[in-house]
Amino acid sequence: MKRITMIGCLLLAAVNLFAQPDWTKKATKSVFTLKTFTSDGSMIASTNGFYTGTNGEAVSNFTPFKGAASAIIIDAQGKEYQVTGILGANDMYDVVKFRVNNPKSQPLSISTVIAPVGSTVWLLPYHEIKNLSSGTVRKAETISGEYGYYTVAIPMTENLVSCPLMNDAGQVIGMMQQSASTKDTLSYAIDARFVDSLKTTGLTYNDATLQLTKIRKELPSDIKEANIVLYLSASQMDSTSYVALIEDFIRQFPNVPDGYTARALQEVDGNDFAAAEKDMQQAIKCSTTKDDAHFTFARMIYNKVLYQSDKPYNAWNLDKALTEIQAANSINPQPSYRQLEANILFAQQKYDEAYQVFSSLTSTNLRNAEIFYGAAKCKEMLRDTTAMLALMDSTLATFSKPYLKEAAPYLWARAEARRNAGKYRDAVTDMNDYETLMAASVNDNFYYVRHQTEIQGRLYQQALNDISQAIQINPQEILYYAEKASLEIRVGMYDEAIATAQECIGLDANNSDGYLFLGLAQCLKGQKADGISNLQKAKELGDPQAEGLIDKYKE
């Protein structure tokens with residue numbers, strides 16, 4: 001009887017062994033163990049995964065990647081490979097697609113359809129093929145419009161998470177997910193097509209899910225999406241990470257100019273102009289829109305000459321910038337190219353040539369405040385004040401009233417131009433409009449400058465109000481008290497001038513201005529003895545005006 005039982009067990013084992021699908025041995029080459037680590041090398045977690053592509057593309061569950069700085073996989077032959085980048089992730093379904101440094105990976109074949117309910121499925125574990133579990137599909141729900149989410153009658157343990165769920169034909173239909181309970185007799189799998197479809201795009205590259213892992217994210221395969229990443233990351237990444245991203249871009253898109261241009265800009269920031277020139281020449285060489293590449297190079301040189309003049313590089317000068325922008329214009333004339341040409345000519349002090357270009361641009365679709373302002377500055381340098389003021393008016397005419405903040409710099413520029421031309425009251429009008437727009441950011445110096453302009457325009461009460469406002473903002477500035485006392489004397493407010501001068505002396509007893517205006521106000525008020533005494537103090541402190549006033553009021 002015991003012998004019969006033993007024979008029966010052997011026969012059952014043989015049946016189980018021979019019942020394994022014939023694709024099992026080959027399929028196990030695609031399954032691996034995944035381990036993730038923190039930046040200090042501590043292991044975070046160990047799970048499973050499998051290849052879906054021939055160039056190291058693979059999938060697994062995302063949880064082990066959270067906080068990870070690196071990851072490795074160990075395949076069925078015991079070979080270890082590094083995870084080199086994240087290709088996409090979905091935190092809701094806890095899935096991730098990534099790349100392994102294995103350019104000869106053997107992927108599982110992914111089924112193109114949802115497995116029908118009642119069909120037989122097989123759970124393929126890592127390295128353990130003798131006891132392959134089988135079961136049936138109990139439910140196949142649809143997610144994201146075209147993918148399946150399976151409920152299967154297969155018992156599952158924790159060490160089977162992310163293992164592939166196969167159909168009879170040896171195609172992977174899903175990836176196993178963590179069950180809610182170890183006692184659950186049903187298991188769950190998400191469609192392998194859904195996991196394999198994960199990817200980075202220009203808008204999701206910096207999304208919250210991908211930021212949960214420190215492992216490098218691969219650029220999108222679409223050049224437009226990759227360019228969006230390159231553009232957005234310039235302001236979002238630290239310089240080291242951004243440089244690494246640029247290198248990734250150049251490796252992935254060696255015939256696209258944007259990577260070379262981005263690297264050149266970084267090299268300019270690092271004062272490596274020779275390297276930047278080499279990259280820009282490469283950008284021009286591989287660009288399909290060479291005019292744009294020449295324009296970018298011209299602007300780069302122009303900015304270097306203007307803002308990094310303390311870092312000499314003889315090959316880059318305004319003549320070189322002009323040559324590059326003229327090359328762009330010869331290929332594809334554009335108003336924006338002509339504007340840069342005008343700016344370069346202005347920097348070369350070729351004001352008449354620059355004016356001609358700016359003037360021609362006023363009849364193009366680029367007609368804006370900046371163009372008229374550039375023309376106005378040319379006329380200012382050519383000492384044509386009448387034309388300069390007219391062009392300043394045209395500059396402001398490009399804006400509608402009431403003005404928005406974009407007009408503020410031009411209002412201030414016209415105010416200065418009007419003040420320099422002796423049109424003080426017109427200048428004050430512009431300053432008033434400027435204050436309305438920039439009320440939250442005007443400072444004591446603004447009120448001081450407007451105070452001086454108002455004095456020139458004989459707007460004395462406004463001038464007194466402004467110098468008082470300057471003192472309120474910056475009560476430690478002695479100059480303001482001296483200016484206020486001087487104006488109060490000028491309009492006959494002698495008592496107020498005496499009080500202001502005394503405040504000035506209180507701030508700094510060694511400053512001659514306080515004693516000068518105190519003495520002068522006292523003399524004008526009829527208090528000559530006190531006044532001359534204070535004027536004498538101003539003289540002793542080195543004031544050149546004091547002696548003349550003493551002589552005047554001694555008589």
Side-chain angles (χ1 to χ4, degrees), residues 405 408-409 411-420 422-527 530-546 548-550 553:
K405 283 189 176 182
L411 278 168
W412 187 255
R414 187 172 69 175
E416 289 185 319
R418 285 174 163 178
R419 184 182 64 201
N420 293 336
K423 298 180 178 292
Y424 303 112
R425 294 198 172 200
D426 289 340
V428 170
T429 298
D430 281 341
M431 290 179 181
N432 292 342
D433 287 338
Y434 179 88
E435 180 190 23
T436 299
L437 291 177
M438 306 299 291
S441 58
V442 291
N443 56 21
D444 53 301
N445 185 65
F446 166 81
Y447 290 106
Y448 172 67
V449 171
R450 189 168 68 176
H451 142 84
Q452 290 186 311
T453 309
E454 287 162 339
I455 290 175
Q456 297 278 22
R458 301 180 183 276
L459 301 168
Y460 299 123
Q461 186 57 57
Q462 291 95 313
L464 279 171
N465 293 341
D466 276 344
I467 198 63
S468 296
Q469 183 65 26
I471 290 172
Q472 183 177 341
I473 295 172
N474 186 4
Q476 300 303 312
E477 179 54 66
I478 294 173
L479 172 64
Y480 297 161
Y481 293 93
E483 290 284 348
K484 184 181 180 185
S486 174
L487 181 54
E488 287 169 334
I489 290 171
R490 184 170 182 173
V491 297
M493 300 171 62
Y494 303 130
D495 289 333
E496 290 82 353
I498 289 171
T500 302
Q502 288 172 335
E503 287 185 85
C504 185
I505 294 168
L507 283 174
D508 186 355
N510 294 316
N511 188 287
S512 64
D513 286 343
Y515 295 103
L516 179 74
F517 293 119
L518 176 59
L520 179 56
Q522 289 171 327
C523 289
L524 290 169
K525 192 173 177 3
Q527 301 170 357
D530 291 338
I532 291 173
S533 175
N534 283 309
L535 289 171
Q536 184 63 40
K537 181 66 173 176
K539 178 182 176 181
E540 292 170 3
L541 290 169
D543 195 293
Q545 302 177 72
L549 292 171
I550 291 171
Y553 289 108

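Here the structure is a predicted model, which is why all the values come from computation and not from measurement.
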In Å and rounded to the nearest 0.5 Å, what is the [atom1] to [atom2] distance from [X] to [Y]?
X    : Y    : atom1 : atom2 : result
S533 : Q527 : OG    : CD    : 12.0 Å
N510 : E540 : CG    : CD    : 11.5 Å
F517 : L487 : CZ    : CG    : 10.5 Å
N474 : Q472 : CG    : CD    : 11.5 Å
Y515 : C504 : OH    : SG    : 9.5 Å
D543 : L549 : CG    : CG    : 8.5 Å

Are [X] and [Y] side-chain neighbours, meaning at least one heavy-atom pair lies under 4.5 Å?
X    : Y    : value
L535 : C523 : yes
L479 : Y448 : yes
M493 : L464 : yes
Y553 : L524 : yes
V442 : I473 : no
Q545 : L520 : no

For [X] versus [Y], what's the shortest heavy-atom pair and its separation?
X    : Y    : answer
A485 : T500 : N-CG2, 3.8 Å
A427 : T453 : CB-CG2, 4.0 Å
W412 : M431 : CZ3-CG, 3.8 Å
A538 : L516 : CB-N, 3.7 Å

Tell me every residue that passes side-chain hydrogen bond (donor to acceptor under 3.5 Å, both in side chains) with [X], counting only those two or more places apart in sequence or in another chain.
X    : result
Y494 : none
D430 : R414, R418
E496 : none

*Walk me through it: do H451 and K484 pass the test side chain to side chain contact (heavy atoms under 4.5 Å, CB included)?*
CA-CA 9 Å; H451 142 84; K484 184 181 180 185; over 6 Å; no
Given 3.5 Å as the limit, does a donor-acceptor pair link the side chain of [X] with the main chain of [Y], or not?
X    : Y    : answer
S486 : A482 : no
Y481 : Q502 : no
N534 : D530 : yes

*Would you say the side-chain atoms of N465 and Q469 include a donor-acceptor pair closer than 3.5 Å?*
no
Show every salt bridge (Lys or Arg N to Asp or Glu O under 4.0 Å) that has at least one partner inside [range], sequence neighbours left out.
range            : result
residues 444-461 : E435-R450, R450-E454, R450-D466
residues 468-478 : none
residues 502-526 : D495-K525

*Test I498 against L518 for side chain to side chain contact (heavy atoms under 4.5 Å, CB included), laying out the working first.*
CA-CA 5 Å; I498 289 171; L518 176 59; 3.6 Å; yes
